[in-house]
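Here is the structure we will look at.
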Amino acid sequence: MDVTTIIDSLNDAQRQAVSSPTQSMLVLAGAGSGKTRVLVHRIAWLIKIENLLPHNILAVTFTNKAAKEMRGRVEELLNISARSMWIGTFHGLAHRFLRQHNVEAALPDGFQIIDSEDQLRLVKRLMKTMGVDDKRWPPKQIVWFINAQKDEGIRARNSVAGDDIFQQQLIEVYAAYETLCTRSGLVDFAELLLKAYETLRDNEELLGFYRNRFEQVLVDEFQDTNTIQYAWLRLLTEGRDNLFVVGDDDQSIYGWRGAKIENMFNFQKQYPNHQLIRLEQNYRSTGNILKASNALIAGNESRMGKELRTADEDGDLISLYTAFNEQDEAYFVVERIRKWVAEGNSRAHVAILYRSNAQSRQFEEKLMATGTPYRVYGGLRFFDRMEIKNALAYLNLMSYKGNDAAFERIINTPTRGIGNKTIDEIRQVAKLEESTLWAAMITLLKANHFTPRAENAIKSFILLINGLAEESIELPLFEQVKNVVEKSGLIAFYKKEKGDKGETRVENLEELVNAAKQFYFDENNEEGLSEVELFLSHAALESGDTQGDDFEECVQLMTLHSAKGLEFPMVFMVGLEEGLFPSQRSVDDIAGLEEERRLCYVGMTRAMKHLFMSQAESRRLYGKETHPRASRFLKEIPPKFLQEIRVRANITQPKIGSMRKTAKPSTLGTSGKYKIGQRVSHEKFGAGVVLQVDGDGAQERVQINFQSAGLKWLMLSYAKLETL
DNA sequence: TTGTTCCAGCTTTTT
DNA sequence: GCTGGAACAA
């Protein structure tokens, strides 16, 4: 292996970043400038040229997907196994660290991870037993407070409220929540980070060991780090000056969940010997798109300064479409996509990006009506589904009886006659005795407290859990899962649920067994976990990708946030209206507005060749017709990069007063052919009855109630309908 | 224990 | 205007 394989394919700036000796470095990597490439090649350089062992490298990312990709690419480039290298997410690495040092961290051996949903449930429960008014202190807000405190490294005991009663209550719940988690061996996401930080900070030996071990610490998406993550990185690299961070202040879009863009500025002060490298060569977009993006982001005050260049030609101008309403907007977008596909292009190369998830519906409807395959990102993930979480709760409780979150979840799921009253009694005793729910249940049982009926139910519950746990010892993972899913009665329970829902749930449970079958168990895992434990941690920390990856042959729909890191030849940014984008809730302060502008920048820089931006003059929002003004961002893009598209020259724009009519489909049935009540047949959906007619000309569509396929809206110009 | 009805709330998301 | 959750009734 010689140097050339590692640096030949790089440009000057990239090469400089990759080939410097181990030291602190800040790589300002613009969109599409080969950021991941630099990280991968940097690691390769460290191993091959600086002779570092993979074991001596720490690389941190934000998503599992990024971590996986980086490891894979390093292995591919060097043709080695990088298994001993610590590459992972902040949470994943903190988890591994805590498993290895659970004694020092004062965590029980089998501690378990809870996700945000379980966290909220616990807090709600807790507030009820504490008698906290959930009107004045909405549980969501309390959870937000707790996590924000933890992100800042503040424990309940260090939280200061002063005379503020409201604040005092928040802290009181925080403290109680901490106690509850400690007692039941539960660790939430923020806790993983905070606990890892504290353990390292307070244990000189450990700190010395890890500082010594990691010759270079690399961080991806540094602009997204929060206070505690940066503090942890600083601990690890203090005195060594070996922190290599890559980030882009212009793409910081997660400030609202604690990311501190200031970390980038602070880094420059706190690592005075660092080298600063700017990657400004863009390999993604054509000239006009890039120049327009540069112009937009230049409107932000707090930036480190960076201007992307491309060797590519100017290419298309950005197309701007002002739609009459959101229907029209969706129609326009879908039409353009159809045209593009008809010209022989791939659907998978098209993305529709919106500010909020609710906007996807219009596009889905139109795509569906035209029979265009599409995929929406960012829905419920596999491991987040109720039925899956219930099944996992059984496994959790079996391996750790103290897990109150799991206990609450399944004590009466499926219903087994343990009602609210009984559970409340158990909760009371648990609170009184400061014990776990499981222990409280046993106490009450021994005290002959329950009515015969409840007693029976509880006994059989205990028998079930213990029985499952015993049987499991001998079984391979997937058999355990299968066993649990069947014997817990979950399958039977969901089979009874009517409609497709129950059926899907049963299928998902079967899929869970499948997932367990395919789960790769590394017996020598550094966490030192058993197969089930590892599977459960995996489920909690990697609940399944929502990030777009395996692009099937379909149009990609996602929020601007989830588009970060991706690229598409053709991009539609929709809903560029004041109040929507920038969001109404961000326009009040400069920081919020700048983040929105960065979001817009992120969206624009996703486009490789064709960028469309659209707005609607009228939009239904929360059931009300609104007439938003064009987004300020559209005005911030120099007009020379824009080209207005007018496709409705021959459509008279209705006056504002008459707009309501268009929105109310049934009043506007103009079709001569299809009247309400008309029976029709469709080649795919079969026979049905026309319920509503809407729009005219090319936009005319009808709603049909199909006997087998249910309600559908169909565009008349595409749907092949026959009157019966 | 389940089904119904009412009511609040309503960016962005990973782990 | 829709949805999810909680309160209530049967």
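Every chain is numbered from 1, with letters handed out A, B, ... down the list of sequences. Just so it is clear, the model here is predicted, and its values are computed rather than measured.
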Is the phosphate of B:dT1, meaning OP1 or OP2, less than 4.0 Å from a side-chain N or O of A:Thr415?
no
May I ask you to verify if any side-chain N or O of A:Arg257 is less than 4.0 angstrom from the OP1 or OP2 atom of B:dT12?
no
Apply side chain to side chain contact (heavy atoms under 4.5 Å, CB included) to A:Leu353 and A:Met558, showing your working.
CA-CA 5 Å; A:Leu353 308 181; A:Met558 64 189 86; 3.6 Å; yes
Establish, with yes or no, whether the OP1 or OP2 oxygen of B:dC10 is under 4.0 angstrom from a side-chain nitrogen or oxygen of A:Ser356.
no
So A:Glu596, base contact, sugar-phosphate only, or nothing? Heavy-atom distance under 4.0 Å.
base
Think A:Lys564 has a side-chain N or O under 4.0 angstrom from the OP1 or OP2 of B:dT12?
no
Counting the atoms with a prime plus P, OP1 and OP2 as sugar-phosphate, which does A:Tyr622 contact under 4.0 Å by heavy atoms, base, sugar-phosphate, or nothing?
base
Is any NZ, NE, NH1 or NH2 atom of the basic residue among A:Asp188 and A:Lys150 found under 4.0 Å from an Asp or Glu carboxylate oxygen of the other?
yes
Verify the contact: side-chain N or O of A:Tyr377 to OP1 or OP2 of B:dT14, cut-off strictly under 4.0 Å; return yes or no.
no
Under 4.0 Å between a Lys/Arg side-chain N and an Asp/Glu carboxylate O for A:Glu526 and A:Arg96?
yes
Return no unless some side-chain N or O of A:Arg585 is found under 4.0 Å from OP1 or OP2 of B:dT11.
yes
Determine: side-chain N/O of A:Asn357 to OP1/OP2 of B:dT11, distance under 4.0 Å, yes or no.
no
Starting at atom CD of A:Gln359, determine the distance to atom C1' of B:dC10, rounded to an integer number of angstrom.
13 Å
Between P on B:dT13 and CH2 on A:Trp144, what's the gap in Å once rounded to a whole number?
18 Å
Looking at every strand, decide which applies to A:Lys140 at a 4.0 Å heavy-atom threshold: base, sugar-phosphate, or nothing.
nothing
Check every strand shown and say whether A:Thr559 touches a base, only sugar-phosphate, or nothing at a heavy-atom separation below 4.0 Å.
sugar-phosphate
Within the stacking criterion (centroid distance below 5.5 Å, interplanar angle below 30°), does A:Tyr254 stack on B:dT13?
no
Run the ring pair (Phe, Tyr, Trp, His ring centres under 6.0 Å) test on A:Phe111 and A:Tyr400 for me, step by step, so that the C-alpha distance in whole Å, both residues' side-chain angles and the decisive distance to 0.1 Å come before the verdict.
CA-CA 8 Å; A:Phe111 76 85; A:Tyr400 196 88; 9.0 Å; no
